[in-house]
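Not measured: the values here are computed from a predicted model. Order of listing sets the numbers, starting from 1, for every ligand and every atom in it.
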Amino acid sequence: MAATVIDGAAVTREVYAQLEERVAALGRMNVRPGLAVCLAGDNAASKIYIRNKVRACNGAGIHSEIHPFDADCPQDVLLAALDKLNRNPRVHGILVQLPLPAQLDAELVTNAIAPEKDVDGMTRHSLGALVAGHPLHEPCTPRAVMALLDHAGIAIDGREAVVVGRSAIVGKPMALMLMARGATVTVCHSRTPDLARHARRADILVVAAGRARLVTADMVKPGAAVLDVGINRIAGQGIVGDVDYAGVREIAGWITPVPGGVGPMTIAMVIANTVRAAERSAAVSAA
Ligand code: NAP
(Lines give C-alpha, C1' and ligand atoms only; values in the text may rest on other atoms or scores of the structure.)
Protein backbone atom coordinates (compact mmCIF):
# COMPACT_ATOMS: atom_id res chain seq x y z
CA MET A 1 0.00 0.00 0.00
CA ALA A 2 1.30 3.46 -0.84
CA ALA A 3 2.59 5.64 1.99
CA THR A 4 0.58 8.31 3.72
CA VAL A 5 1.84 11.61 2.36
CA ILE A 6 2.59 14.12 5.11
CA ASP A 7 1.35 17.36 3.59
CA GLY A 8 3.65 20.02 5.02
CA ALA A 9 1.59 22.86 3.59
CA ALA A 10 -1.60 21.63 5.31
CA VAL A 11 0.14 21.11 8.66
CA THR A 12 1.69 24.54 8.32
CA ARG A 13 -1.74 26.14 8.06
CA GLU A 14 -2.65 24.64 11.44
CA VAL A 15 0.59 25.96 12.96
CA TYR A 16 -0.18 29.46 11.69
CA ALA A 17 -3.70 29.28 13.10
CA GLN A 18 -2.26 28.50 16.55
CA LEU A 19 0.34 31.25 16.22
CA GLU A 20 -2.38 33.76 15.32
CA GLU A 21 -3.82 33.47 18.83
CA ARG A 22 -0.41 34.02 20.42
CA VAL A 23 0.34 37.00 18.18
CA ALA A 24 -3.06 38.48 19.15
CA ALA A 25 -2.25 37.98 22.85
CA LEU A 26 1.05 39.80 22.37
CA GLY A 27 -0.81 42.55 20.52
CA ARG A 28 -2.96 43.11 23.61
CA MET A 29 0.32 43.81 25.43
CA ASN A 30 1.33 46.23 22.63
CA VAL A 31 4.03 43.83 21.43
CA ARG A 32 4.35 42.94 17.76
CA PRO A 33 6.87 40.18 17.05
CA GLY A 34 9.61 41.39 14.70
CA LEU A 35 12.00 39.48 12.45
CA ALA A 36 15.07 41.05 10.79
CA VAL A 37 16.74 39.29 7.88
CA CYS A 38 20.26 40.20 6.71
CA LEU A 39 21.09 39.43 3.09
CA ALA A 40 24.57 40.03 1.69
CA GLY A 41 24.97 39.84 -2.08
CA ASP A 42 22.30 38.81 -4.56
CA ASN A 43 22.13 35.01 -4.50
CA ALA A 44 18.94 34.17 -6.41
CA ALA A 45 17.95 31.21 -4.17
CA SER A 46 18.52 33.33 -1.03
CA LYS A 47 16.19 35.97 -2.41
CA ILE A 48 13.46 33.37 -2.92
CA TYR A 49 13.90 32.02 0.64
CA ILE A 50 13.72 35.53 2.05
CA ARG A 51 10.67 36.41 -0.01
CA ASN A 52 8.91 33.31 1.38
CA LYS A 53 9.85 34.23 4.94
CA VAL A 54 8.64 37.81 4.54
CA ARG A 55 5.40 36.53 3.06
CA ALA A 56 4.97 34.20 6.03
CA CYS A 57 5.64 37.07 8.44
CA ASN A 58 3.01 39.21 6.74
CA GLY A 59 0.50 36.37 6.91
CA ALA A 60 1.16 35.84 10.61
CA GLY A 61 0.96 39.54 11.54
CA ILE A 62 4.67 39.74 12.28
CA HIS A 63 6.80 42.77 11.53
CA SER A 64 9.66 41.94 9.15
CA GLU A 65 12.54 43.96 7.80
CA ILE A 66 15.19 43.06 5.24
CA HIS A 67 18.67 44.48 5.63
CA PRO A 68 20.47 44.19 2.28
CA PHE A 69 24.27 44.43 2.05
CA ASP A 70 26.46 44.66 -1.04
CA ALA A 71 28.22 41.50 -2.17
CA ASP A 72 31.56 43.16 -1.29
CA CYS A 73 30.33 44.35 2.10
CA PRO A 74 33.19 44.45 4.66
CA GLN A 75 32.73 42.19 7.67
CA ASP A 76 32.79 45.00 10.25
CA VAL A 77 29.83 46.67 8.50
CA LEU A 78 27.70 43.53 8.82
CA LEU A 79 28.84 42.96 12.42
CA ALA A 80 27.97 46.56 13.33
CA ALA A 81 24.50 46.12 11.81
CA LEU A 82 23.97 42.91 13.80
CA ASP A 83 25.05 44.68 16.98
CA LYS A 84 22.42 47.34 16.32
CA LEU A 85 19.72 44.73 15.64
CA ASN A 86 20.69 42.85 18.82
CA ARG A 87 19.86 46.05 20.77
CA ASN A 88 16.70 46.95 18.82
CA PRO A 89 13.65 46.16 21.01
CA ARG A 90 11.35 45.96 17.95
CA VAL A 91 13.39 43.05 16.62
CA HIS A 92 12.89 39.71 18.41
CA GLY A 93 14.46 37.43 15.81
CA ILE A 94 17.47 37.85 13.50
CA LEU A 95 18.41 35.72 10.51
CA VAL A 96 21.55 35.93 8.45
CA GLN A 97 20.78 34.34 5.12
CA LEU A 98 23.44 31.86 4.05
CA PRO A 99 25.54 31.40 1.98
CA LEU A 100 27.50 34.61 2.57
CA PRO A 101 29.92 36.08 0.04
CA ALA A 102 33.42 34.59 0.34
CA GLN A 103 35.06 37.51 2.18
CA LEU A 104 32.62 37.13 5.08
CA ASP A 105 33.27 34.58 7.83
CA ALA A 106 29.88 32.85 8.15
CA GLU A 107 30.79 31.27 11.48
CA LEU A 108 31.84 34.59 13.00
CA VAL A 109 28.88 36.51 11.58
CA THR A 110 26.30 33.91 12.65
CA ASN A 111 27.67 33.84 16.17
CA ALA A 112 27.30 37.62 16.44
CA ILE A 113 23.53 37.16 16.78
CA ALA A 114 22.35 37.50 20.40
CA PRO A 115 21.28 34.03 21.67
CA GLU A 116 17.76 35.20 22.57
CA LYS A 117 17.28 36.49 18.99
CA ASP A 118 18.84 33.48 17.25
CA VAL A 119 15.53 32.17 15.90
CA ASP A 120 17.31 29.94 13.37
CA GLY A 121 19.07 28.19 16.27
CA MET A 122 22.39 28.41 14.42
CA THR A 123 24.73 29.95 16.97
CA ARG A 124 27.12 27.94 19.11
CA HIS A 125 25.11 29.05 22.11
CA SER A 126 21.89 27.59 20.69
CA LEU A 127 23.54 24.36 19.58
CA GLY A 128 25.35 23.98 22.91
CA ALA A 129 22.09 24.51 24.79
CA LEU A 130 20.51 21.80 22.65
CA VAL A 131 23.35 19.37 23.47
CA ALA A 132 22.95 20.20 27.15
CA GLY A 133 19.24 19.39 26.93
CA HIS A 134 18.04 22.96 27.58
CA PRO A 135 17.33 24.36 24.11
CA LEU A 136 16.56 28.06 23.78
CA HIS A 137 15.78 28.16 20.06
CA GLU A 138 15.90 24.82 18.28
CA PRO A 139 17.15 24.88 14.66
CA CYS A 140 14.12 25.32 12.44
CA THR A 141 14.53 22.44 9.99
CA PRO A 142 14.95 19.66 12.59
CA ARG A 143 12.18 21.28 14.59
CA ALA A 144 9.99 21.14 11.48
CA VAL A 145 10.73 17.43 11.05
CA MET A 146 9.81 16.75 14.70
CA ALA A 147 6.57 18.71 14.30
CA LEU A 148 5.65 16.75 11.15
CA LEU A 149 6.35 13.43 12.90
CA ASP A 150 4.18 14.48 15.84
CA HIS A 151 1.40 15.75 13.63
CA ALA A 152 1.31 12.43 11.77
CA GLY A 153 1.20 10.59 15.10
CA ILE A 154 4.43 8.70 14.43
CA ALA A 155 5.93 7.13 17.54
CA ILE A 156 9.51 8.19 18.28
CA ASP A 157 10.25 6.76 21.72
CA GLY A 158 12.02 3.41 21.44
CA ARG A 159 12.21 3.50 17.61
CA GLU A 160 15.24 3.19 15.35
CA ALA A 161 16.00 6.51 13.66
CA VAL A 162 18.58 7.04 10.94
CA VAL A 163 19.67 10.55 9.96
CA VAL A 164 21.53 10.94 6.67
CA GLY A 165 23.70 14.06 6.93
CA ARG A 166 25.72 15.52 9.81
CA SER A 167 25.66 19.27 9.18
CA ALA A 168 25.58 21.55 12.21
CA ILE A 169 22.25 23.05 11.18
CA VAL A 170 20.31 19.94 10.11
CA GLY A 171 21.84 16.49 10.67
CA LYS A 172 23.48 16.91 14.09
CA PRO A 173 20.64 18.77 15.82
CA MET A 174 18.16 16.38 14.18
CA ALA A 175 19.97 13.44 15.78
CA LEU A 176 19.99 15.19 19.18
CA MET A 177 16.28 16.00 19.02
CA LEU A 178 15.33 12.44 18.05
CA MET A 179 17.58 11.10 20.81
CA ALA A 180 15.99 13.44 23.35
CA ARG A 181 12.63 11.91 22.44
CA GLY A 182 13.83 8.35 23.06
CA ALA A 183 14.86 7.18 19.60
CA THR A 184 18.01 5.13 19.04
CA VAL A 185 19.81 7.23 16.47
CA THR A 186 22.36 6.41 13.79
CA VAL A 187 23.94 9.28 11.86
CA CYS A 188 25.23 8.55 8.35
CA HIS A 189 27.36 10.81 6.17
CA SER A 190 29.53 10.75 3.07
CA ARG A 191 32.10 8.51 4.76
CA THR A 192 29.54 5.89 5.80
CA PRO A 193 30.18 2.59 4.03
CA ASP A 194 26.96 0.90 2.94
CA LEU A 195 24.40 3.61 3.62
CA ALA A 196 21.63 1.26 2.49
CA ARG A 197 22.37 -1.23 5.30
CA HIS A 198 21.83 1.49 7.93
CA ALA A 199 18.88 3.11 6.18
CA ARG A 200 17.01 -0.20 5.93
CA ARG A 201 16.98 -0.50 9.74
CA ALA A 202 15.20 2.82 10.21
CA ASP A 203 11.67 3.17 11.51
CA ILE A 204 12.26 6.89 11.01
CA LEU A 205 14.55 7.92 8.17
CA VAL A 206 15.49 11.60 7.87
CA VAL A 207 17.47 12.44 4.77
CA ALA A 208 19.44 15.71 4.64
CA ALA A 209 22.36 15.07 2.30
CA GLY A 210 21.69 17.48 -0.57
CA ARG A 211 21.99 14.63 -3.10
CA ALA A 212 19.05 14.25 -5.48
CA ARG A 213 17.22 10.92 -5.08
CA LEU A 214 20.00 9.40 -2.96
CA VAL A 215 17.56 7.17 -1.08
CA THR A 216 15.79 4.60 -3.21
CA ALA A 217 13.03 2.12 -2.41
CA ASP A 218 15.44 -0.77 -1.78
CA MET A 219 17.01 1.27 1.08
CA VAL A 220 13.76 1.71 2.99
CA LYS A 221 12.15 -0.58 5.56
CA PRO A 222 8.50 -1.28 4.68
CA GLY A 223 6.26 0.98 6.74
CA ALA A 224 9.03 3.43 7.74
CA ALA A 225 8.49 7.17 8.08
CA VAL A 226 10.66 8.92 5.50
CA LEU A 227 11.28 12.63 5.99
CA ASP A 228 12.99 14.29 3.04
CA VAL A 229 14.84 17.50 3.90
CA GLY A 230 16.76 17.79 0.64
CA ILE A 231 16.26 20.60 -1.84
CA ASN A 232 17.99 19.97 -5.16
CA ARG A 233 17.41 22.14 -8.20
CA ILE A 234 17.74 20.11 -11.37
CA ALA A 235 17.61 21.72 -14.79
CA GLY A 236 14.41 20.73 -16.54
CA GLN A 237 12.98 18.98 -13.47
CA GLY A 238 12.62 21.79 -10.96
CA ILE A 239 13.14 20.97 -7.29
CA VAL A 240 13.58 17.38 -6.17
CA GLY A 241 14.37 15.91 -2.77
CA ASP A 242 17.04 13.49 -1.54
CA VAL A 243 14.52 10.65 -1.73
CA ASP A 244 13.29 8.91 -4.87
CA TYR A 245 9.71 9.88 -4.07
CA ALA A 246 7.90 7.74 -6.65
CA GLY A 247 9.67 4.54 -5.65
CA VAL A 248 9.89 5.07 -1.89
CA ARG A 249 6.24 6.06 -1.67
CA GLU A 250 5.33 2.45 -2.56
CA ILE A 251 7.34 1.05 0.38
CA ALA A 252 7.22 3.63 3.19
CA GLY A 253 4.45 4.09 5.75
CA TRP A 254 4.73 7.88 5.62
CA ILE A 255 6.62 10.22 3.32
CA THR A 256 7.09 13.97 2.93
CA PRO A 257 7.02 15.40 -0.61
CA VAL A 258 9.51 17.89 -2.03
CA PRO A 259 8.40 20.58 -2.48
CA GLY A 260 5.57 20.88 0.02
CA GLY A 261 6.92 18.85 2.95
CA VAL A 262 9.66 19.95 5.33
CA GLY A 263 10.29 23.26 3.47
CA PRO A 264 7.10 25.17 4.34
CA MET A 265 7.19 23.77 7.87
CA THR A 266 10.73 25.11 8.33
CA ILE A 267 9.52 28.62 7.55
CA ALA A 268 6.63 28.18 9.99
CA MET A 269 9.18 27.22 12.65
CA VAL A 270 11.13 30.45 12.02
CA ILE A 271 7.90 32.32 12.67
CA ALA A 272 7.12 30.18 15.73
CA ASN A 273 10.58 30.82 17.18
CA THR A 274 10.16 34.56 16.57
CA VAL A 275 6.80 34.58 18.35
CA ARG A 276 8.34 32.67 21.24
CA ALA A 277 11.24 35.15 21.40
CA ALA A 278 8.73 38.02 21.55
CA GLU A 279 6.80 36.26 24.32
CA ARG A 280 10.00 35.79 26.34
CA SER A 281 10.99 39.39 25.80
CA ALA A 282 7.52 40.59 26.86
CA ALA A 283 7.67 38.42 29.99
CA VAL A 284 11.08 39.90 30.90
CA SER A 285 9.78 43.46 30.36
CA ALA A 286 6.70 42.76 32.48
CA ALA A 287 8.74 41.23 35.34
P1 NAP B 1 25.38 20.11 3.99
O2 NAP B 1 25.92 21.05 5.00
O3 NAP B 1 25.97 20.09 2.62
O4 NAP B 1 25.49 18.63 4.60
C5 NAP B 1 25.19 17.51 3.84
C6 NAP B 1 25.47 16.28 4.65
O7 NAP B 1 25.13 15.14 3.86
C8 NAP B 1 26.93 16.13 5.05
O9 NAP B 1 27.03 15.69 6.38
C10 NAP B 1 27.45 15.07 4.08
O11 NAP B 1 28.47 14.26 4.64
C12 NAP B 1 26.21 14.24 3.85
N13 NAP B 1 26.26 13.55 2.56
C14 NAP B 1 26.55 14.09 1.36
N15 NAP B 1 26.50 13.13 0.41
C16 NAP B 1 26.19 11.97 1.04
C17 NAP B 1 26.02 10.64 0.59
N18 NAP B 1 26.18 10.31 -0.69
N19 NAP B 1 25.70 9.69 1.51
C20 NAP B 1 25.55 10.02 2.80
N21 NAP B 1 25.69 11.29 3.29
C22 NAP B 1 26.02 12.24 2.41
O23 NAP B 1 23.82 20.32 3.79
P24 NAP B 1 22.69 20.79 4.83
O25 NAP B 1 22.76 22.26 5.04
O26 NAP B 1 22.63 19.88 5.99
O27 NAP B 1 21.38 20.53 3.91
C28 NAP B 1 21.10 19.24 3.41
C29 NAP B 1 20.00 19.36 2.37
O30 NAP B 1 18.84 19.87 3.00
C31 NAP B 1 20.30 20.30 1.22
O32 NAP B 1 19.66 19.81 0.06
C33 NAP B 1 19.64 21.60 1.63
O34 NAP B 1 19.28 22.41 0.54
C35 NAP B 1 18.42 21.07 2.34
N36 NAP B 1 17.84 21.95 3.35
C37 NAP B 1 16.50 22.07 3.35
C38 NAP B 1 15.87 22.85 4.30
C39 NAP B 1 14.38 22.94 4.27
O40 NAP B 1 13.82 23.86 4.82
N41 NAP B 1 13.70 21.95 3.68
C42 NAP B 1 16.63 23.54 5.24
C43 NAP B 1 18.01 23.37 5.25
C44 NAP B 1 18.62 22.56 4.30
P45 NAP B 1 29.91 14.86 5.07
O46 NAP B 1 29.68 15.56 6.37
O47 NAP B 1 30.74 13.64 5.23
O48 NAP B 1 30.35 15.76 3.98
Side-chain angles (χ1 to χ4, degrees), residues 6-9 11-12 15 37 43-53 55-56 95-100 106-107 110 119-123 126-127 130 137-149 161-178 185-202 205-216 218-220 226-234 237-245 248 255-273:
I6 304 175
D7 181 349
V11 182
T12 300
V15 172
V37 184
N43 181 300
S46 292
K47 283 182 173 170
I48 294 171
Y49 291 139
I50 289 180
R51 191 187 64 203
N52 291 342
K53 284 169 190 163
R55 194 179 288 159
L95 303 180
V96 174
Q97 187 66 47
L98 300 178
L100 290 174
E107 179 76 8
T110 301
V119 290
D120 240 351
M122 290 179 80
T123 61
S126 295
L127 294 170
L130 183 63
H137 291 297
E138 291 168 324
C140 294
T141 303
R143 195 175 165 212
V145 170
M146 297 303 284
L148 291 173
L149 287 168
V162 173
V163 178
V164 184
R166 58 173 167 178
S167 71
I169 192 62
V170 186
K172 283 181 194 163
M174 186 75 255
L176 289 167
M177 289 162 76
L178 287 163
V185 184
T186 303
V187 179
C188 300
H189 45 78
S190 69
R191 310 291 300 147
T192 302
D194 203 351
L195 173 65
R197 182 171 62 87
H198 294 284
R200 269 196 293 268
R201 284 201 346 263
L205 180 60
V206 183
V207 194
R211 299 281 180 272
R213 303 188 184 104
L214 172 70
V215 169
T216 47
D218 58 309
M219 298 164 75
V220 173
V226 180
L227 287 290
D228 189 353
V229 176
I231 300 175
N232 308 286
R233 281 166 217 282
I234 299 190
Q237 296 180 37
I239 292 174
V240 304
D242 288 356
V243 172
D244 175 26
Y245 184 79
V248 171
I255 191 166
T256 57
V258 177
V262 177
M265 197 63 175
T266 294
I267 294 178
M269 294 298 110
V270 174
I271 306 298
N273 279 350

Asker: With distance as the sole test, does Asn273 use its side chain to make a donor-acceptor pair with the main-chain N or O of Glu138 at under 3.5 Å?
Answerer: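 It does hold such a pair.
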Asker: Knowing that exactly one of Asp120, Val206, Val262 qualifies, which makes a side chain to side chain contact (heavy atoms under 4.5 Å, CB included) with Thr141?
Answerer: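 That would be Val262; it is the only one of Asp120, Val206, Val262 passing the side chain to side chain contact (heavy atoms under 4.5 Å, CB included) with Thr141.
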Asker: Taking all non-hydrogen atoms of both residues, which atom of Gly261 and which atom of Pro264 are closest, and how far apart?
Answerer: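 Distance-wise, the nearest heavy atoms are O-CD, 3.4 Å.
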Asker: Specify the closest pair of heavy atoms between Val215 and Met219, including all atoms of both residues, with the distance to one decimal.
Answerer: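 Smallest heavy-atom distance, with atoms named: CA-SD, 3.8 Å.
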Asker: Testing the basics here: between Asn43 and Pro99, what is the closest heavy-atom pair and its distance to 0.1 Å?
Answerer: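 Closest heavy-atom pair between Asn43 and Pro99: ND2-CG, 3.8 Å.
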Asker: Quick check for students: name every N or O atom pair between ligand 1 and the protein closer than 3.5 Å, with distances.
Answerer:
| unit_1 | atom_1 | unit_2 | atom_2 | d |
| --- | --- | --- | --- | --- |
| ligand 1 | 9 (O) | Arg166 | N | 2.8 |
| ligand 1 | 11 (O) | Ser190 | N | 3.1 |
| ligand 1 | 15 (N) | Arg211 | NE | 3.3 |
| ligand 1 | 21 (N) | Ser190 | N | 3.4 |
| ligand 1 | 26 (O) | Ser167 | OG | 2.5 |
| ligand 1 | 32 (O) | Ile231 | N | 3.0 |
| ligand 1 | 32 (O) | Ile231 | O | 3.3 |
| ligand 1 | 40 (O) | Thr266 | OG1 | 3.0 |
| ligand 1 | 41 (N) | Val229 | O | 3.4 |
| ligand 1 | 46 (O) | Arg166 | NE | 2.7 |
| ligand 1 | 47 (O) | Arg166 | NE | 3.3 |
| ligand 1 | 47 (O) | Arg166 | NH2 | 2.8 |
| ligand 1 | 47 (O) | Ser190 | N | 3.2 |
| ligand 1 | 47 (O) | Ser190 | OG | 2.5 |

Asker: Quick one, Tyr49 and Leu98 - any side-chain contact, counting heavy atoms below 4.5 Å?
Answerer: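 In short, these two side chains do not touch, never coming nearer than 4.5 Å.
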